[in-house]
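Remarks on the structure that follows.
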Amino acid sequence: MTHHDTAPFDTDAFLARPLTARLATEGPTVRPVWYLWEDGAFWVLTGPWARLFHRVREDPRVALVVDECDLATGRVRQVLARGRAELLPFDVPRGRRKLVRYLGADASLWDDRFRHYLHDDPAERGTVWLRLAPASLTAHDLSYAVPG
């Protein structure tokens, strides 16, 4: 994996935050996704109900960006990743880690559709992981001083 920084910041800490990534597939098509950054890869839930699943099966080349732009603080950071996605079997422990990032630790408070991801039979529902272990990962810190 190639890795470039324009201004260094802790990429792993940045990617550990519950930000939304935008994932692009051939077409091109871009969609917002929740992700888990773990073991040097982005993990995204998908399945046959989603166009993402079919697009990646047809052409696994993807690009992804996670970014933040906070006008109040001037913090502007982005991580860009490219590579070939793979579709892998779903596992509940990783699914729980992903959803806890966005929804909190108490699953009883989650919307039912998120609980279904963990409790429905993946073989019946078709839930799988899209895993992107980036061939390239680029981090940019474009932050600026806020006047005043």
Side-chain angles (χ1 to χ4, degrees), residues 1-104 107 110-144:
M1 172 175 61
T2 58
H3 185 104
H4 308 285
D5 287 310
T6 49
F9 65 94
D10 187 335
T11 304
D12 287 325
F14 176 76
L15 293 175
R17 294 173 50 209
L19 300 168
T20 300
R22 265 129 341 248
L23 180 70
T25 56
E26 194 54 48
T29 302
V30 179
R31 64 198 29 85
V33 295
W34 285 355
Y35 68 91
L36 181 66
W37 170 250
E38 193 171 87
D39 301 327
F42 294 92
W43 299 80
V44 175
L45 279 175
T46 190
W49 64 84
R51 286 189 182 155
L52 175 61
F53 172 87
H54 300 285
R55 284 190 176 271
V56 167
R57 269 206 329 205
E58 291 167 19
D59 187 341
R61 295 173 300 163
V62 300
L64 178 143
V65 61
V66 182
D67 64 322
E68 66 176 338
C69 178
D70 186 333
L71 301 179
T73 65
R75 181 179 291 184
V76 180
R77 292 179 174 169
Q78 44 192 229
V79 172
L80 299 99
R82 291 183 176 279
R84 296 177 73 83
E86 53 186 333
L87 298 171
L88 299 176
F90 177 75
D91 65 286
V92 170
R94 192 183 309 271
R96 182 175 303 284
R97 290 193 298 276
K98 177 193 170 246
L99 291 172
V100 162
R101 285 167 37 84
Y102 294 93
L103 302 170
W110 298 357
D111 185 292
D112 281 343
R113 65 197 148 136
F114 298 117
R115 279 198 296 273
H116 286 303
Y117 282 119
L118 299 183
H119 301 300
D120 288 357
D121 179 1
E124 185 179 309
R125 184 176 170 86
T127 305
V128 296
W129 286 114
L130 178 156
R131 177 180 177 268
L132 171 60
S136 73
L137 187 75
T138 307
H140 299 286
D141 188 335
L142 306 171
S143 299
Y144 58 91

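What's counted below: heavy atoms across the whole structure, side chains too, no hydrogens, waters or symmetry copies.
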Would you give the length of the straight line joining atom [atom1] of [X] to atom [atom2] of [Y], rounded to the nearest 0.5 angstrom?
X      : Y      : atom1 : atom2 : result
Tyr35  : Leu15  : OH    : CG    : 5.0 Å
Thr25  : Leu64  : OG1   : CG    : 11.5 Å
Leu45  : Leu99  : CG    : CG    : 6.0 Å
Tyr117 : Arg125 : OH    : CZ    : 5.5 Å

Looking at side-chain heavy atoms only, is the closest gap between Thr127 and Trp49 below 4.5 Å?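 Yes, their side chains come closer than 4.5 Å.
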
Side-chain heavy atoms of Trp110 within contact of Leu118, under 4.5 Å: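 Yes, at least one pair of side-chain atoms sits under 4.5 Å.
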
What pairs meet the ring-ring contact (aromatic ring centres under 6.0 Å, His included) rule with one or both residues in residues 14-34, with sequence neighbours excluded?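 The answer is Phe9-Phe14, Trp34-Tyr102, Trp34-Phe114.
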
Summary of ring-ring contact (aromatic ring centres under 6.0 Å, His included) pairs that have at least one residue in residues 67-93, sequence neighbours excluded: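 Listed once each, the pairs are Phe90-Trp129.
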
Only pairs under 3.5 Å count here: list side-chain donor-acceptor contacts from residues 50-57, not counting sequence neighbours, and write none if there are none.
residue	atom	partner	partner atom	Å
His54	NE2	Pro48	O	2.9
Arg55	NE	Thr29	OG1	3.3
Arg55	NH1	Glu26	O	2.8
Arg55	NH2	Thr29	OG1	3.1

For Leu23 and Leu130, what are the C-alpha separation, side-chain angles and deciding distance, and is it a side chain to side chain contact (heavy atoms under 4.5 Å, CB included)? CA-CA 11 Å; Leu23 180 70; Leu130 178 156; 3.9 Å; yes

My understanding is that only residues two or more places apart in sequence, or in another chain, count here; which of them pass side chain to side chain donor-acceptor pair (under 3.5 Å) with Asp10?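 Asp10 satisfies side chain to side chain donor-acceptor pair (under 3.5 Å) with no other residue.
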
With salt bridge (charged side-chain N to carboxylate O under 4.0 Å, His left out) as the rule and sequence neighbours excluded, what pairs involving [range] come up?
range          : result
residues 15-25 : Arg17-Glu68, Arg22-Asp67
residues 33-42 : Glu38-Arg94, Glu38-Arg97, Asp39-Arg94
residues 28-37 : none

Just jot down the side chain to side chain contact (heavy atoms under 4.5 Å, CB included) partners of Ala16, sequence neighbours excluded, or say none.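 Scan of Ala16 (side chain to side chain contact (heavy atoms under 4.5 Å, CB included), adjacent residues dropped) gives none.
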
List the residues meeting salt bridge (charged side-chain N to carboxylate O under 4.0 Å, His left out) with [X], not counting sequence neighbours, and say none if there are none.
X      : result
Asp59  : Arg61
Asp12  : none
Asp112 : Arg115

Identify the two heavy atoms, one from Thr138 and one from His140, that lie closest to each other, and give their separation to 0.1 Å.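 So the minimum-distance heavy-atom pair works out to CG2-NE2, 3.4 Å.
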
Result block: side-chain N/O donor-acceptor pairs under 3.5 angstrom for residues 72-88, not counting sequence neighbours:
residue	atom	partner	partner atom	Å
Thr73	OG1	Arg75	N	3.2
Arg77	NE	Asp141	OD2	3.2
Glu86	OE2	Arg131	NH1	2.5

